Colleague: 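Shown below is the structure under consideration.
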Amino acid sequence: RSKLSGRNAALLYQPEWQDEHRKKLEMIQALRLAIAHNEIFLVYQPKYDLASLTINGVEALARWQSKEFGFVSPAVFIPLAEETGLIDNIGLFVLRQACHDCKKWLELGYDIPVSVNLSAAQLSSGMLPEHVFSILADSGLAPHYLELEITESLLMQDQQGIDSQISRINDKGISFAIDDFGTGYSNLHYLSRFKAATLKIDQSFVRQLNESSDNYSLKNYSLVKGVIVLAKTLGLTTIAEGVEDQYTLNILRAMKCESVQGYLLSKPINFEELLIKFKQHEVENH
Ligand code: C2E
Ligand code: MG
Ligand code: MG
Ligand code: MG
């Protein structure tokens, strides 16, 4: 502290800044132990085929129930994990658990794939393909039951090795979804090279579909429709995320969007609740 002078010293003595900084360090410390303390777990949000409204996929979402900090949103702890390198372990834990759970529901007769979110940082070691393949082998899950959700920004990083890691994973039959599509910058030509890929239209566009028809929302409507048409042309499928009302669902159906996900159909739920949902579905459809 004595080494600091002038501006830096003044900054250091901002009490709120200090509190926030200390809290962040304490949170990182707690996150470091979170897996060992069984504080990280998964919830699952179903994805639905829009024509039949049957479940055609399930997204795994990480949750952290901290003894010290209570419930911490993934919007907070995932960036923290990325910043500190903890994402490698958390990411592998999520992948392992999701594959294990998917295998379990397959054995119960529910033929539904699982999607796992991936951070760009998980590609920096170059080991991701090996990790994914060994987790699949350990869990006994066939590759086509796994989908990885990545963001556009990850694809646009021309870091050495990202491309080849993604291709190697894709070549084994694991599919990819581009999450939060439309919020970043995509090279659509690049997307069309995937063996199997889905565009997940970001909630921010989906949410606006039910807004009054001013100039802005009309443009938003055209944009969503355009993405769906373009995706089809490129051989990609589309899913709309964040669907909260029937009106929006109807618009998306008219636009021929393949799948939907959102609170209207189901919030993220735990494994037991998911099995109940699968079972209800089975009854409804027979
Ligand atoms: P995401 O992958 O885009 O996930 C969608 C988020 O929207 C989830 O928030 C989900 O609970 C929420 N959501 C779903 N339907 C609706 C809806 O109808 N309305 C509203 N308002 N929200 C809806 P969640 O679980 O808090 O996750 C936030 C983000 O954290 C995720 O965004 C993802 O980027 C990240 N994340 C979560 N789990 C993981 C993980 O295991 N690994 C990585 N790398 N990132 C994760
Ligand atoms: Mg996602
Ligand atoms: Mg998303
Ligand atoms: Mg998101």
Side-chain angles (χ1 to χ4, degrees), residues 31 34-35 39-48 50 55 57-65 71-102 113-125 128 131-132 135 146-155 175-184 186 197-210 224 227 238-249 251-252 257 259-270 273-274 277:
L31 188 57
I35 291 179
E39 293 178 349
I40 305 273
F41 60 96
L42 298 185
V43 287
Y44 293 101
Q45 187 177 32
K47 301 177 178 185
Y48 294 79
L50 185 40
I55 297 175
V58 169
E59 178 177 7
L61 292 159
R63 294 290 178 261
W64 181 21
Q65 183 63 50
F71 177 78
V72 185
S73 163
V76 172
F77 78 80
I78 294 291
L80 215 55
E82 288 168 345
E83 213 180 295
T84 54
L86 293 169
I87 193 66
D88 284 321
N89 272 326
I90 293 174
L92 291 178
F93 172 83
V94 169
L95 208 51
R96 231 174 256 126
Q97 187 69 48
C99 289
H100 173 85
D101 286 349
C102 180
V114 73
S115 305
V116 174
N117 291 283
L118 208 64
S119 292
Q122 289 176 263
L123 285 147
S124 57
S125 73
L128 190 73
H131 286 147
V132 170
I135 287 172
L146 177 62
E147 176 182 72
L148 298 174
E149 296 194 3
I150 58 180
T151 58
E152 292 163 287
S153 55
L154 186 151
L155 290 176
S175 52
F176 281 86
I178 314 303
D179 209 347
D180 306 337
F181 186 77
T183 61
S186 282
T198 298
L199 300 186
K200 293 195 80 175
I201 303 169
D202 191 63
Q203 314 194 3
S204 57
F205 305 105
V206 175
R207 198 84 35 80
Q208 284 162 21
L209 287 176
N210 71 356
V224 173
V227 165
T238 45
I239 177 166
E241 58 177 2
V243 178
E244 293 183 351
D245 58 84
Q246 189 64 46
Y247 183 75
T248 301
L249 191 85
I251 291 177
L252 289 162
C257 181
S259 304
V260 285
Q261 195 181 16
Y263 293 172
L264 174 70
L265 295 156
S266 176
K267 292 198 166 181
I269 50 182
N270 68 31
E273 293 167 320
L274 184 67
K277 206 156 261 277

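Just so it is clear, the model here is predicted, and its values are computed rather than measured. Along the sequence shown, the residues carry numbers beginning at 1. Read the numbers this way: they start at 1 and go in the same order the structure lists the ligands and their atoms.
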Colleague: Could you tell me whether a side-chain N or O of N270 sits under 3.5 Å from a main-chain N or O of E273, the two making a donor and an acceptor?
Modeller: yes

Colleague: List every atom of ligand 1 that sits less than 4.0 Å from any heavy atom of E59, numbering the atoms from 1 in the order shown and giving each element.
Modeller: 2 (O), 4 (O)

Colleague: Give, for atom CZ of F205 and atom OG1 of T183, the distance between the pair rounded to the nearest 0.5 Å.
Modeller: 6.5 Å

Colleague: Do I201 and I239 touch side chain to side chain, with heavy atoms closer than 4.5 Å?
Modeller: no

Colleague: Please identify which atoms of ligand 1 are closer than 4.0 Å to at least one heavy atom of D180.
Modeller: 3 (O)

Colleague: Strictly distance-based, threshold 3.5 Å: is any side-chain N or O of E59 a donor or acceptor partner for the main-chain N or O of P46?
Modeller: no

Colleague: Take the Mg ion (ligand 3) as the vertex and measure to OD1 of D179 and OE2 of E241; round to 10°.
Modeller: 100°

Colleague: Within a distance under 4.0 Å of any heavy atom of P268, pick out the atoms of ligand 1 and give their elements.
Modeller: 11 (O)

Colleague: Take every heavy atom of R63, measure it against each atom of ligand 1, and state whether any distance is under 4.0 Å.
Modeller: yes

Colleague: Give a yes/no answer: is there an N/O/S atom of E149 under 2.8 Å from the Mg ion (ligand 3)?
Modeller: no

Colleague: To the nearest 0.5 Å, what is the distance between CG on L199 and OG1 on T238?
Modeller: 7.0 Å

Colleague: Ignoring hydrogens and angles, tell me if any N or O in the side chain of S119 forms a donor-acceptor pair with the backbone of A121 under 3.5 Å.
Modeller: no

Colleague: Where on R207 is there a heavy atom closer than 4.0 Å to ligand 1, on the side chain, on the backbone, on both, or on neither?
Modeller: side chain

Colleague: Identify which of N117, V206, I87 has a heavy atom lying nearest to atom 33 (C) of ligand 1.
Modeller: N117

Colleague: Could you identify the N, O or S atom of E59 positioned closest to the Mg ion (ligand 2)?
Modeller: OE2

Colleague: Relative to the heavy atoms of V243, which atoms of ligand 1 are at a distance of less than 4.0 Å?
Modeller: 18 (O)

Colleague: Below 4.0 angstrom from a heavy atom of G242, which ligand 1 atoms are there? Numbered from 1 as shown, please.
Modeller: 16 (C), 17 (C), 18 (O)

Colleague: Judged by atom type as modelled, is there a donor-acceptor pair below 3.5 Å linking the side chain of Q45 to the main-chain atoms of S266?
Modeller: yes

Colleague: G262 heavy atoms, cut-off 4.0 Å: which ligand 1 atoms fall inside?
Modeller: 15 (N), 18 (O)

Colleague: So, 4.0 Å and heavy atoms of Q261: is ligand 1 close enough to count as a contact?
Modeller: no

Colleague: Only heavy atoms count here, so choose which of A177, A121, P74, A240 is nearest to atom 30 (O) of ligand 1.
Modeller: P74

Colleague: Measure from the Mg ion (ligand 3) to every N/O/S atom of D180 and report the name of the nearest one.
Modeller: OD1

Colleague: For the Mg ion (ligand 2), does an N/O/S atom of S115 lie at less than 2.8 Å?
Modeller: no

Colleague: Can you list the steps and then say if L252 with V224 is a side-chain contact (heavy atoms from CB on, under 4.5 Å)?
Modeller: CA-CA 9 Å; L252 289 162; V224 173; 4.2 Å; yes

Colleague: Could you tell me if the side chain of Y44 sits less than 4.5 Å from the side chain of L274, heavy atoms only?
Modeller: yes

Colleague: Let me confirm one number: the CG-CG distance from L50 to L249, rounded to the nearest 0.5 Å.
Modeller: 5.0 Å

Colleague: Give yes if a backbone or side-chain nitrogen or oxygen of E244 is under 3.5 Å from a nitrogen or oxygen of ligand 1, and no if not.
Modeller: yes

Colleague: Go through ligand 1 atom by atom and flag the ones less than 4.0 Å from a non-hydrogen atom of Q45.
Modeller: 14 (C), 15 (N)

Colleague: Provide the number and element of each atom of ligand 1 under 4.0 Å from a heavy atom of D179.
Modeller: 1 (P), 2 (O), 3 (O)

Colleague: Taking the side chain as everything from C-beta on, heavy atoms only, tell me whether I87 gets closer than 4.5 Å to I78.
Modeller: yes

Colleague: I'd like the name of whichever of K267, Q203, E241 reaches closest to atom 6 (C) of ligand 1 through any heavy atom.
Modeller: Q203

Colleague: Name the residue from K47, E241, K200 that meets the side chain to side chain donor-acceptor pair (under 3.5 Å) definition with Q261.
Modeller: K200

